[in-house]
Asker: 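Here you go, one structure.
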Amino acid sequence: MAVPLTVDEALARVLARARPLETEQVALTEAAGRVLAEAAVAAVDLPGFPSSAMDGFALRCADTPGSLRVVGHVAAGQPAARALRAGEAMSIATGGVVPEGADAVLQIELAETDGELVRMGDAVAPGANVRPRGGDIAAGARVLRAGMLLSPSRLAALASAGIAEPRCARRPRVTIVSTGTELRPPGEPLAAGQIYESNGLMLESLIAGGGAVVERTAPVADDEQAHRTALERALTADVVVTSGGVSVGRHDLVRQTLADLGAEEDFWGVAMRPGKPLSFSVRGTTLVFGLPGNPVSALVSGLLFVLPALRALQGLANPAPRFRLGLLAAPASRRPERDDYQRAVLEERDGTVVLRPGTGQESHMIAHAAAADALVHIPRGEGELVAGATVRYLPLDTAGSA
Ligand code: AMP
Ligand code: MG
């Protein structure tokens, strides 16, 4: 392995290759979690009319304080039949159209009613409890920028502004290929030397959560022809994610097979633990991630490189991993030559996140990793991080809903 890239260098190279995919119009009902490919422009004013913020009485401020005759009722969705005249009020529901002639709404709690009359002790200020037309956003104005993920509030904003089919990048198609003669599907009996296949399942859930359409092949034996057949088919996807077979053993066939199939290797080897033997190749527009087979290495590489690539392919403005900040519970030694990503338990103390890396940090220990809440970044460098030092972490319990 040549001098490995740093994690940041490797990520920059991945993102440089992950150009946004072509776009399509998406029905709003299908758009949750998608990424806007162009700015969304309001088709209507929001609110679309002067709208009452309260249940109460629409009136003219000039008539207050005093006693007014209630001449009608305005329900939401049913504007008043006529304009309001001097000395009149209309009862009105929240969201009702404030009738022409009225310039304020008196909330019901401040009103005294007596038969056909409504009375108030204080003057009502102009515009009180009236939401002006276009006060949230005006027709023609930008509601959301290109590159924004359609979260629940953003979906609601698009719906409210009359945008029924936003334009989004299409979802990346990802094929996952697990390699290893030793792999058996969970549920089947194991012969000597065999293990249960876990990476495919893990990566499928991670990658589907990253917005991709995922296909997963049956585990591929460590055999040249089997590799060739599986990878040749997989290379029609936008992204291929393999696990296993990228180290230097005689049964590690992924890189050579990819090269034989015309994929160009961009890099192999990242100065990190776990996950060092990661390989990244490109064939045409297809990106290929060769993840190491050890499950924790595959997980960490998936979080640090594959998910960001999927975000970039979908045109997300900020595709890099979403690190948060917390405090180390105990000292941690740094390595001059590599970044460490340690599995840790997360506790909240007085609103502060405290991270405690545990035992069992080896890259095959998926059961230990599963008990952790967070992946803590111990940056490469000299000396030690003291207890209480601020570190970056990725939550592990929500990974896959990124
Ligand atoms: P490799 O990268 O192929 O040398 O595999 C490294 C280690 O990870 C070996 O112990 C493999 O048995 C294990 N491994 C490889 N692929 C998987 C997988 N899909 N699921 C679980 N363990 C795996
Ligand atoms: Mg293997």
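Note: hydrogens, waters and symmetry copies are ignored here, and every other heavy atom, side chains too, is used. Just follow the structure's listing: the first ligand is 1, and inside any ligand the first atom is 1.
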Asker: How are the rings of F267 and F280 set relative to one another: parallel (under 30°), tilted (30 to 60°) or perpendicular (over 60°)?
Answerer: tilted

Asker: Please say whether more than 12 non-hydrogen atoms of neighbouring residues, nucleotides or ligands are located less than 6.0 Å from CD in E224.
Answerer: no

Asker: Identify which of I366, N199, V254, L291 has a heavy atom lying nearest to atom 18 (C) of ligand 1.
Answerer: N199

Asker: For S198, which part has a heavy atom under 4.0 Å from ligand 1: side chain, backbone, both, or neither?
Answerer: both

Asker: Would you check if the side chain of W268 reaches a backbone N or O of G290 as a donor-acceptor pair within less than 3.5 Å?
Answerer: no

Asker: For G249 and ligand 1, answer yes if some heavy atom of the residue is under 4.0 Å from a ligand atom, otherwise no.
Answerer: no

Asker: Using a 4.0 Å heavy-atom cut-off, say whether V246 meets ligand 1 through its side chain, its backbone, both or neither.
Answerer: neither

Asker: Closest non-hydrogen protein atom to atom 13 (C) of ligand 1, residue and atom name please, with distance?
Answerer: G293 O, 3.7 Å

Asker: At what distance is the nearest protein heavy atom to atom 3 (O) of ligand 1, and which residue and atom is it?
Answerer: G245 N, 2.9 Å

Asker: Let me know which of I108, L110, V105 forms a side chain to side chain contact (heavy atoms under 4.5 Å, CB included) with F57.
Answerer: I108

Asker: Looking at atom 22 (N) of ligand 1, what's its closest protein heavy atom, distance included?
Answerer: I195 CD1, 3.4 Å

Asker: So which heavy atom in the protein is nearest atom 19 (N) of ligand 1, and how far is it from that ligand atom?
Answerer: E197 OE2, 2.8 Å

Asker: Per the side chain to side chain contact (heavy atoms under 4.5 Å, CB included) rule, which among V214, V213, T175 passes with I207?
Answerer: V214

Asker: Where on E182 is there a heavy atom closer than 4.0 Å to ligand 1, on the side chain, on the backbone, on both, or on neither?
Answerer: side chain

Asker: Test your reading of the model: is there a side-chain donor-acceptor pair from E197 to the backbone of N199, 3.5 Å cut-off?
Answerer: yes

Asker: Do NZ/NE/NH1/NH2 and the carboxylate oxygens of R170 and E22 come within less than 4.0 Å?
Answerer: yes

Asker: Which is closest to atom 7 (C) of ligand 1 by heavy-atom distance: L253, N294, L183, T181?
Answerer: N294

Asker: Can you tell me which residue and heavy atom of the protein come closest to atom 4 (O) of ligand 1, and the distance to 0.1 Å?
Answerer: D252 OD1, 3.9 Å

Asker: Can a donor-acceptor pair be found, under 3.5 Å and without considering hydrogens, that links the side chain of R228 to the backbone of T257?
Answerer: no

Asker: Quick one: which ligand 1 atoms are inside 4.0 Å of a heavy atom on T179?
Answerer: 16 (N)

